[in-house]
Chemist: 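Below is one structure. I have some questions about it.
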Amino acid sequence: MQVKGWHVAREGEAVTLARRCPARFDLKVETLLPPVGRLDRLAHQVRQDMWRALRDLRGFAPVVRVTPCEGGVTVEAGGEVAGAVPRQAVEARIADVLEDRANRARWVNWAA
């Protein structure tokens with residue numbers, strides 16, 4: 001399914017949001033969040049904040065996968081990159097977005 005230029009794939013209970021199809025993770029960082037009711041809303045919010053943090057990264061196409069798990073949801077954030085990038089530095093920037101307390105609270109509230 002495509003929503004406003006974004007591909008939304010449902011694989012079992014998991015939701016994957018990507019700019020390109022098929023989704024590819026050249027970079028990936030994971031985190032665990034409390035349970036939410038709307039996985040698609042969570043994926044969109046994470047994607048927006050990740051994009052804001054990485055908009056200067058040329059050739060970047062964000063991908064977010066949200067999967068229910070015991071005790072909450074696993075969020076995998078990252079994406080596809082055309083060309084060489086400083087992988088560790090970029091993944092650290094993604095981790096900063098995922099671990100920001102204000103972001104996490106807003107995401108969970110929005111996707112409740």
Side-chain angles (χ1 to χ4, degrees):
M1 176 173 69
Q2 193 169 6
V3 178
K4 295 183 182 178
W6 293 93
H7 296 278
V8 179
R10 298 187 186 281
E11 307 146 22
E13 292 184 23
V15 173
T16 302
L17 175 70
R19 176 58 94 192
R20 299 186 183 120
C21 193
R24 187 176 88 204
F25 281 105
D26 296 332
L27 306 165
K28 182 167 63 170
V29 179
E30 293 184 25
T31 193
L32 181 65
L33 290 173
V36 297
R38 300 279 311 269
L39 301 181
D40 56 332
R41 287 182 119 187
L42 177 59
H44 277 284
Q45 287 292 296
V46 171
R47 193 266 322 151
Q48 277 185 331
D49 289 335
M50 181 174 55
W51 175 251
R52 288 180 186 126
L54 299 174
R55 66 178 155 233
D56 62 334
L57 185 60
R58 293 184 71 103
F60 178 64
V63 178
V64 177
R65 180 176 295 132
V66 181
T67 309
C69 65
E70 191 172 321
V73 292
T74 300
V75 176
E76 299 169 272
E80 182 179 334
V81 182
V85 295
R87 182 185 186 104
Q88 289 180 332
V90 175
E91 287 181 342
R93 288 168 63 186
I94 296 169
D96 288 344
V97 171
L98 293 180
E99 298 307 322
D100 181 271
R101 286 176 172 249
N103 286 345
R104 294 169 70 87
R106 182 171 35 81
W107 297 337
V108 169
N109 187 42
W110 178 249

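What you see is a predicted model; the values in this text were computed from it and never measured. Every heavy atom of this structure was used, including side-chain atoms; hydrogens, water molecules and symmetry mates were not.
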Chemist: Looking at every heavy atom in both Gly59 and Arg20, which two are closest together, and how far apart are they?
Modeler: O-NH1, 4.5 Å
Chemist: Applying side-chain hydrogen bond (donor to acceptor under 3.5 Å, both in side chains), which residue pairs with at least one partner in residues 58-74 are found, sequence neighbours left out?
Modeler: Thr16-Arg65
Chemist: Measuring from Arg38:CZ to His44:NE2, what's the distance to the nearest 0.5 Å?
Modeler: 9.5 Å
Chemist: Going hydrophobic residue to hydrophobic residue with side-chain gaps under 4.5 angstrom, can you get from Val63 over to Ile94?
Modeler: no
Chemist: Around atom CD of Glu11, are there more than 12 heavy atoms from other residues, nucleotides or ligands closer than 6.0 Å?
Modeler: yes
Chemist: Can you list everything that forms a side chain to side chain contact (heavy atoms under 4.5 Å, CB included) with Pro68? Sequence neighbours excluded, please.
Modeler: Glu13, Leu39
Chemist: Using the test side chain to side chain contact (heavy atoms under 4.5 Å, CB included), find all partners of Arg52 that sit at least two apart in sequence or belong to another chain.
Modeler: Gln48, Asp49, Arg55
Chemist: Should Val75 and Val36 be counted in the same cluster of Ile, Leu, Val, Met, Phe, Trp and Tyr side chains packed under 4.5 Å apart?
Modeler: yes
Chemist: Can you list everything that forms a side chain to side chain contact (heavy atoms under 4.5 Å, CB included) with Asp100? Sequence neighbours excluded, please.
Modeler: Ala102, Asn103
Chemist: Given side chains that start at C-beta, do those of Arg19 and Trp6 come closer than 4.5 Å, heavy atoms only?
Modeler: yes
Chemist: Might you point out which heavy atoms bring Arg93 and Asp56 nearest each other, and give the distance in Å?
Modeler: NH2-OD1, 2.8 Å
Chemist: List the atom of Gly78, the atom of Met50, and the distance in Å for their closest heavy-atom pair.
Modeler: O-CE, 3.3 Å
Chemist: Side-chain polar contacts of residues 25-34 - donor-acceptor pairs under 3.5 angstrom, sequence neighbours left out - could you list them?
Modeler:
{"residue": "Asp26", "atom": "OD1", "partner": "Arg24", "partner atom": "NE", "Å": "2.8"}
{"residue": "Asp26", "atom": "OD2", "partner": "Arg24", "partner atom": "NE", "Å": "3.4"}
{"residue": "Asp26", "atom": "OD2", "partner": "Arg24", "partner atom": "NH2", "Å": "2.8"}
{"residue": "Asp26", "atom": "OD2", "partner": "Val81", "partner atom": "N", "Å": "2.8"}
{"residue": "Lys28", "atom": "NZ", "partner": "Glu76", "partner atom": "OE2", "Å": "3.1"}
{"residue": "Thr31", "atom": "OG1", "partner": "Glu99", "partner atom": "OE2", "Å": "2.9"}
{"residue": "Thr31", "atom": "OG1", "partner": "Arg104", "partner atom": "NH1", "Å": "2.8"}

Chemist: Do the side chains of Trp107 and Leu98 get nearer than 4.5 Å, heavy atoms only?
Modeler: yes
Chemist: For Pro22, check side chain to side chain contact (heavy atoms under 4.5 Å, CB included) against everything at least two apart and list the hits.
Modeler: none
